[in-house]
Amino acid sequence: MIKVIIKNLWSHRKDNGWIFVELIIVSIILWVLLDVSAVYVYNDTMPLGYQSNHLCRIDLVEYGSSEAQYNAEYDNVDSRKEHVDRIVRKLKAQKGVENVTYMFTSWNFINSESNMTYDYDLGNQAVDTMVEQVDVIRFMPGNNFFETYGMEAVEGSPSAEELSKMDYGYSDIIVTEDYARRFFGDENAVGKKLYFVNWNNDTIWSPIKGVLKDVRHQQFRPVNSLVFRPQYDSKEPEVTMVVRLSPDVDVKEFVKSIEASDDYYISGNYYVFDVSSYNDMIRQVGSEYEIFNRLTFVLTIFFMINVGLGIMGTFWLQTRNRTRDAGVMRSFGATRWDIRKMLLGEGAVLSTIAVAIGCVIYYHIALEFPFLSKAFSMRYDEGYNIIDYWVTNFTEHFIIISLLCYVVVVLTVSVGIYIPARKISNVNPIDALRDE
């Protein structure tokens, strides 16, 4: 059968030539669109690593010195902490509030404050020197940080509640599972030490106090390796607070109640500047990426439908013109299924060669222009601290998207062939060969 298929393709090479070129071009364009769409769908379905439902964020700011409500007496670090703690107590007293955590910094959890480079020495041999960069999240011990977010510790590590209550030194750290695995494999990383070199060129050792399951920075991005470092105080006048509500509390109604209580949450110079559900914040931060990804996804579907119809129409006409061939085969005893199998085989072979060439062409284009590859662009945009999975591993990424592209093209061609092939395979040999 294979010999017959190859012989038929060669004998119809003039008719198949332009179809072959069309399939190569379609494969390249389809690769680009499927690349973005597949990564978007996959990342969007990945777990965040913490429980964002029933979370809301509250931003506190201070009255400025030019405002009537400003009191210079409260303009110091100790007073700020005292009044923020008072607002926290008021929030905890509200019905349906399970936990409250806050940070004296101007950033919120969804963005890391900075990144650092950690190393690990085993004797005289440095381990994983190419992947030690990590994003840093600072937290304030003793204020339910990890359980408020709903993070989970790995087996062999203190629980989220225990990690929140621990006493920490300046250089103590909590790492995520992927980052621990990079240095220690499957060993328990709790109690082991990493080190970094500070601005004075001093080596600072950082004991690992706990290991958390992997956490995503933002919904539209891949999972990053993270290090959590303690912070006990700050001079920042802005405070971000995160509140976890019980499952029976409507987050939107809670947000409205906070917005309606104008004076209740004022303490010292602090007042509630903004309050929103955490999921709304995630969508707002990623709105530009979301719009782009959805447009690309819609464009991919539109392209696949239109090009698919075009390819099916082309092969439909091509197959209908093979009535004489079907009659010859029937006259030599071929069954209806033999004819359909031969025509489908021709389409599969033609599609396979065309998609392979198209993918190889795209491969060289991606190497020359890395921003066209979702796998490469992610590494450039996010740094080298993202978790290595199929999306960010170029080889795996290329194989998976290529296979997806191949399946789409072969299915489209097969549909375009099978419907007319089914009709011509039923032809009467005498009718098909009457003009011969």
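In this chain, residues are counted from 1 in sequence order.
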Inset, instruction - Decide yes or no for V190 and P158: does some side-chain heavy atom of the first lie under 4.5 Å from some side-chain heavy atom of the second? - result: yes
Inset, instruction - Could you please spell out the steps behind the side-chain contact (heavy atoms from CB on, under 4.5 Å) verdict for R244 and Q51? - result: CA-CA 9 Å; R244 172 163 294 282; Q51 302 169 14; 3.4 Å; yes
Legend entry - Heavy-atom pair of closest approach, residues V251 and H54: CG2-CA, 3.5 Å
Legend entry - Side-chain touch H397/V39, heavy atoms, less than 4.5 angstrom: yes
Inset, instruction - Indicate yes or no: at least one non-hydrogen side-chain atom of L212 is less than 4.5 angstrom from one of V154. - result: no
Inset, instruction - Would you check if the distance from the ring center of Y265 to the ring center of Y270 is below 6.0 Å? - result: no
Legend entry - D186: partners by side-chain hydrogen bond (donor to acceptor under 3.5 Å, both in side chains), with sequence neighbours left out: none
Inset, instruction - For S414, check side-chain hydrogen bond (donor to acceptor under 3.5 Å, both in side chains) against everything at least two apart and list the hits. - result: none
Legend entry - Donor-acceptor pair between S171 and W205 side chains, under 3.5 angstrom: no
Inset, instruction - Assign the ring pair Y149 / Y50 to parallel, tilted or perpendicular, where the plane angle (0 to 90°) is split at 30° and 60°. - result: perpendicular
Legend entry - Residue list, side-chain hydrogen bond (donor to acceptor under 3.5 Å, both in side chains) with Y168, at least two apart or on another chain: none
Legend entry - With R89 via salt bridge (Lys or Arg N to Asp or Glu O under 4.0 Å) - residues at least two apart: none
Inset, instruction - Not counting sequence neighbours, which residues clear ring-ring contact (aromatic ring centres under 6.0 Å, His included) with Y63? List them please. - result: Y271
Legend entry - Partner of S225 by side-chain hydrogen bond (donor to acceptor under 3.5 Å, both in side chains), out of D178, D214, T176: D178
Legend entry - Candidate pair V272 and L60, rule side-chain contact (heavy atoms from CB on, under 4.5 Å), full reasoning: CA-CA 5 Å; V272 174; L60 303 181; 3.7 Å; yes
Inset, instruction - Evaluate salt bridge (Lys or Arg N to Asp or Glu O under 4.0 Å) for R229 paired with D172, printing each intermediate quantity in order. - result: CA-CA 7 Å; R229 298 190 64 192; D172 289 343; over 6 Å; no
Inset, instruction - Please check if the side chain of S164 supplies one atom and the backbone of A160 the other of a donor-acceptor pair under 3.5 Å. - result: yes
Legend entry - side chain to side chain contact (heavy atoms under 4.5 Å, CB included) against L34, all qualifying residues, sequence neighbours excluded: L30, T300, M304, I401, L404, C405, V408
Inset, instruction - Under the side-chain contact (heavy atoms from CB on, under 4.5 Å) rule, what do R86 and E82 come out as? Steps first, then yes or no, please. - result: CA-CA 6 Å; R86 184 176 300 171; E82 176 187 348; 3.4 Å; yes
Inset, instruction - Check whether any side-chain heavy atom of L245 sits under 4.5 Å from a side-chain heavy atom of L55, and report yes or no. - result: no
Inset, instruction - If a pair satisfies salt bridge (Lys or Arg N to Asp or Glu O under 4.0 Å) and one of its residues is in residues 198-213, list it, with sequence neighbours excluded. - result: E152-K213
Inset, instruction - Please state whether the rings of F139 and F145 are parallel, tilted or perpendicular, taking 30° and 60° as the class boundaries. - result: tilted
Legend entry - Spacing of M166 atom CE and F146 atom CZ [to the nearest 0.5 Å]: 9.5 Å
Legend entry - Spacing of S27 atom OG and Y362 atom OH [to the nearest 0.5 Å]: 13.0 Å
Inset, instruction - Not counting sequence neighbours, which residues clear ring-ring contact (aromatic ring centres under 6.0 Å, His included) with H83? List them please. - result: Y74
Inset, instruction - Applying side-chain contact (heavy atoms from CB on, under 4.5 Å), run through F184 and V175 and close with a yes or a no. - result: CA-CA 12 Å; F184 309 111; V175 301; over 6 Å; no
Legend entry - Residues which pass salt bridge (Lys or Arg N to Asp or Glu O under 4.0 Å) with D250, listed by chain and number, not counting sequence neighbours: none
Inset, instruction - Taking all heavy atoms of S277 and all of V255, pick out the closest pair and write down the distance. - result: N-CG2, 3.9 Å
Legend entry - Nearest-0.5 Å distance that lies between atom CH2 in W31 and atom OG in S402: 5.0 Å
Legend entry - Donor-acceptor pair between Y406 and T352 side chains, under 3.5 angstrom: yes
Inset, instruction - Compare every heavy atom of S157 with every heavy atom of L163, then report the nearest pair and how far apart it is. - result: CD1-OG, 4.4 Å
Legend entry - Contacts of type side-chain hydrogen bond (donor to acceptor under 3.5 Å, both in side chains), residue T148, not counting sequence neighbours: none
Inset, instruction - Could you go through the side chain to side chain donor-acceptor pair (under 3.5 Å) check for N53 and N279 one step at a time? - result: CA-CA 7 Å; N53 295 329; N279 283 335; 2.9 Å; yes
Legend entry - Student check: side-chain heavy atoms of V360 and H364 closer than 4.5 Å: yes
Legend entry - Shortest non-hydrogen separation from V249 to G96 and the atoms involved: CG2-CA, 3.5 Å
Legend entry - Any residue meeting salt bridge (Lys or Arg N to Asp or Glu O under 4.0 Å) with E187, in chain and number order, not counting sequence neighbours: K192
Legend entry - S79 versus E73, side-chain donor and acceptor atoms under 3.5 Å: no
Legend entry - Pairwise side-chain contact, V100 with M241, heavy-atom cut-off 4.5 Å (strictly under): yes
Inset, instruction - Mind checking the CD1-NZ spacing from I87 to K92? Nearest 0.5 Å is all I need. - result: 13.5 Å
Legend entry - From Y278 atom OH to C56 atom SG, the distance as rounded to the nearest 0.5 Å: 11.0 Å
Inset, instruction - Report the distance from atom CD1 of I58 to atom CD of E259, rounding to the nearest 0.5 Å. - result: 10.0 Å
Inset, instruction - State, yes or no, whether a side-chain contact exists between T101 and N99 at a heavy-atom distance under 4.5 Å. - result: no
Inset, instruction - For the pair E67 (side chain) and G64 (backbone), establish whether a donor and an acceptor sit closer than 3.5 Å, ignoring hydrogens and angles. - result: yes
Inset, instruction - Show the numbers, then the answer: is there a salt bridge (Lys or Arg N to Asp or Glu O under 4.0 Å) between E161 and K165? - result: CA-CA 7 Å; E161 292 81 3; K165 296 175 182 177; over 6 Å; no
Legend entry - Heavy-atom side-chain proximity of I357 to F20 below 4.5 angstrom: yes
Inset, instruction - Say whether, by atom type as modelled, one donor and one acceptor occur between the side chain of N188 and the main chain of G156 under 3.5 angstrom. - result: yes
Inset, instruction - Please list, chain by chain and in numerical order, all residues satisfying side chain to side chain contact (heavy atoms under 4.5 Å, CB included) with D274, sequence neighbours excluded. - result: R57, D59, S276
